[in-house]
Amino acid sequence: MGLSAIDLGLRGAASGVFLLIVLMVLQRRATNQLALLGTAMAAGGAFYAIVTAPVFPKSSLWWTLPILSSLPVVFWLWARASFDDDFVLRRRHGVLWLTILAVGFAVSLGWTTWPNLARGGSKVLSAVAVLLALAAAVQTVKTWRVDLVARRRRLRLAVLAINVVFIGVVAGAGVAAVPVAVPGEPSSLPTAISLFVLALLAGLGVLDLRAIVTVNDAAAAIGPGDTAGRPVTDRAPTGRGTADPVLLRRLDHLMTVERIYRQEGLAIGALAARLDVPEHRLRQAINEGLGYRNFNAFLNHYRIEDAKLALSDVTQREVPVLTIAMDAGFQSIGPFNRAFKAETGMTPTEFRREALSRPQTAPDADRYFEIGQLRREIG
């Protein structure tokens, strides 16, 4: 009885926090993809905490199981949106969610007529949940190094760790038929503890005003976006904040005069070593002083400007686009094309055609670049 009371208490507290997150997001009337996914995940957390409680009637499994089965998809999408600034929701993501939901309904309705088939379908759903949890973990590791937002770097590992462990335990139990976290079982106390810790972490991310103001700052951070749900810009209009102005001037010299961004495979650690400063100070300078949230976006800004000058130069009319991309610091044509179109709204070929159709484009661009260099060297 004591363990059941603790289980129910933890679930109740977790549900309250999750619902509070939903109310706060609704109060802000945010409609970008991160807000929508964060709301869906918080609502899903509250739903899971309630329907997997030991006292919840087992007769409701036919309609709760499909929703529970689709929650890992929501979590995976939320992780992508939270930790990948370039992620955009696509129609295929909705198709995946609906497919899992449909399979969940088929499994729940098939227990009475085709129990063996339903059992196999349940294992498939559990396996999919494990794969999605692993994909979310890979996303965290993949983009962790280039993340410049200090708070997001601290929270992402904690939040994702508890999510991955939670989904892994629940889904793993379904695959191995271990009742450690089977919905409605008295032995589901580990699930209640995981839910409570997860709710606290998510709550800390949302209740902190800085997390609400900053676009992509934490687990449920909400920020303005364009019609595609992306942040309005990779640079926030935040001024120089607490960044070291001397460091910013040295960084500007490296980027605009020495053009270090052309170095192949340039990482923030190598750039910090070149400036002889700790990596965390450089991250703070680029994020708070220049407004970038992602190191790749910071580098690509200079690389795209470099490529635009080359594409506008009539003397380089015959130089392949791939060569220009490689000279600017890109390692392949695919990332260059995507970054260039995101920055200019045109493909490199379209930009070159339009630029070269204007008279004296190349001399004006070269003169502007040389004047900019001179000004930086003087001041």
Do V124 and V103 have side chains that get closer than 4.5 Å, going by heavy atoms? no
Might you work through the side-chain contact (heavy atoms from CB on, under 4.5 Å) test for V246 and R249, ending with a clear yes or no? CA-CA 5 Å; V246 176; R249 285 197 295 269; 3.5 Å; yes
Start with the C-alpha distance between H93 and F87, add both sets of side-chain angles, then the distance that settles side-chain contact (heavy atoms from CB on, under 4.5 Å), and finish with yes or no. CA-CA 12 Å; H93 298 133; F87 174 75; 3.4 Å; yes
Taking side chain as C-beta onward, heavy atoms only, is S82 less than 4.5 Å from L34? yes
Note: D244-R281 ion pair, threshold 4.0 Å (strictly below): yes
Rounded distance [0.5 Å steps], OG in S69 versus CD1 in I100: 8.0 Å
Minimal non-hydrogen separation, L266 against I260, with atom names: CD2-O, 3.5 Å
Is V319 linked to F351 within one hydrophobic cluster, defined over Ile, Leu, Val, Met, Phe, Trp and Tyr using a side-chain heavy-atom separation of less than 4.5 Å? yes
Relative to the ring of Y292, is the ring of H301 parallel (under 30°), tilted (30 to 60°) or perpendicular (over 60°)? tilted
CA sep, side-chain torsions, deciding dist, call: R262, D327, salt bridge (charged side-chain N to carboxylate O under 4.0 Å, His left out): CA-CA 6 Å; R262 289 183 167 185; D327 289 344; over 6 Å; no
Using side-chain contact (heavy atoms from CB on, under 4.5 Å), reason through L275 and L254 one step at a time and then give a plain yes or no. CA-CA 9 Å; L275 291 165; L254 269 182; 3.3 Å; yes
Quick test of your reading of the model: are R145 and E279 salt-bridged, counting only N-O distances below 4.0 Å? yes
Can you give me the closest heavy-atom contact between G104 and P66, atom names plus distance? C-CG, 3.6 Å
Run the ring-centre check on F298 versus Y302 and record whether the distance is less than 6.0 Å. yes
Salt bridge or not for E350 and R353, using N-O below 4.0 Å? no
Heavy-atom side-chain proximity of R352 to S357 below 4.5 angstrom: no
Keeping the roles fixed (side chain from R293, backbone from V149), state whether a donor-acceptor pair exists under 3.5 Å. no
Please tell me if the side chains of L282 and I268 come closer than 4.5 Å, counting only heavy atoms from C-beta onward. yes
I'd like to know if E258 pairs up with R250 as an ion pair, taking the criterion as any Lys NZ or Arg NE/NH1/NH2 lying under 4.0 Å from an Asp or Glu carboxylate oxygen. no
Counting neighbours of CZ on F196 that are heavy atoms of other residues, nucleotides or ligands and sit closer than 6.0 Å, is the number greater than 12? no
Shortest non-hydrogen contact from A285 to L247? CB-CD2, 3.8 Å
Is it true that atom CH2 of W63 has more than 12 heavy atoms of other residues, nucleotides or ligands lying nearer than 6.0 Å? yes
Gap between atom CG of L131 and atom OG of S126 - 0.5 Å precision: 11.0 Å
From N337 CG over to M346 CE, what is the distance, rounded to the nearest 0.5 angstrom? 13.0 Å
Same hydrophobic cluster for L77 and L98, using side-chain heavy-atom links shorter than 4.5 Å among ILVMFWY? yes
Take L132 and V128 through the side-chain contact (heavy atoms from CB on, under 4.5 Å) test and state the conclusion after the steps. CA-CA 6 Å; L132 291 173; V128 169; 4.0 Å; yes
Side chains of Y48 and L71: does their closest heavy-atom pair fall under 4.5 Å? yes
Is any side-chain heavy atom of I324 less than 4.5 Å from a side-chain heavy atom of F330? no
Least distance between heavy atoms, P348 atom then F336 atom: CG-CE2, 3.4 Å
Kindly give the heavy-atom pair with the smallest separation between V22 and A42, and that separation in Å. CG2-CB, 3.8 Å
What distance do K142 atom NZ and D84 atom CG have between them, rounded to the nearest 0.5 Å? 7.0 Å
Determine, using the 4.5 Å side-chain heavy-atom cutoff (strictly less than), whether L23 and M41 are members of one ILVMFWY cluster. no
Mind checking the CG-OG1 spacing from N296 to T143? Nearest 0.5 Å is all I need. 10.0 Å
For the side chain of T344 and the backbone of F340, is there at least one donor-acceptor N/O pair under 3.5 Å apart? yes
In the single-linkage hydrophobic clustering (I, L, V, M, F, W, Y; side-chain heavy atoms under 4.5 Å), do I304 and V146 co-cluster? no
Roughly how far, to the nearest 0.5 Å, is the CG atom of D147 from the CG atom of D85? 7.0 Å
Decide whether M255 and L248 are clustered together by the hydrophobic rule: side chain heavy atoms of Ile, Leu, Val, Met, Phe, Trp, Tyr closer than 4.5 Å, transitively. yes
Looking at side-chain heavy atoms only, is the closest gap between W97 and L101 below 4.5 Å? yes
Nearest atoms (heavy-atom pairs only) where N300 meets A339: ND2-CB, 3.9 Å
Would you mind reporting whether T52 and L68 have side-chain heavy atoms less than 4.5 Å apart? yes
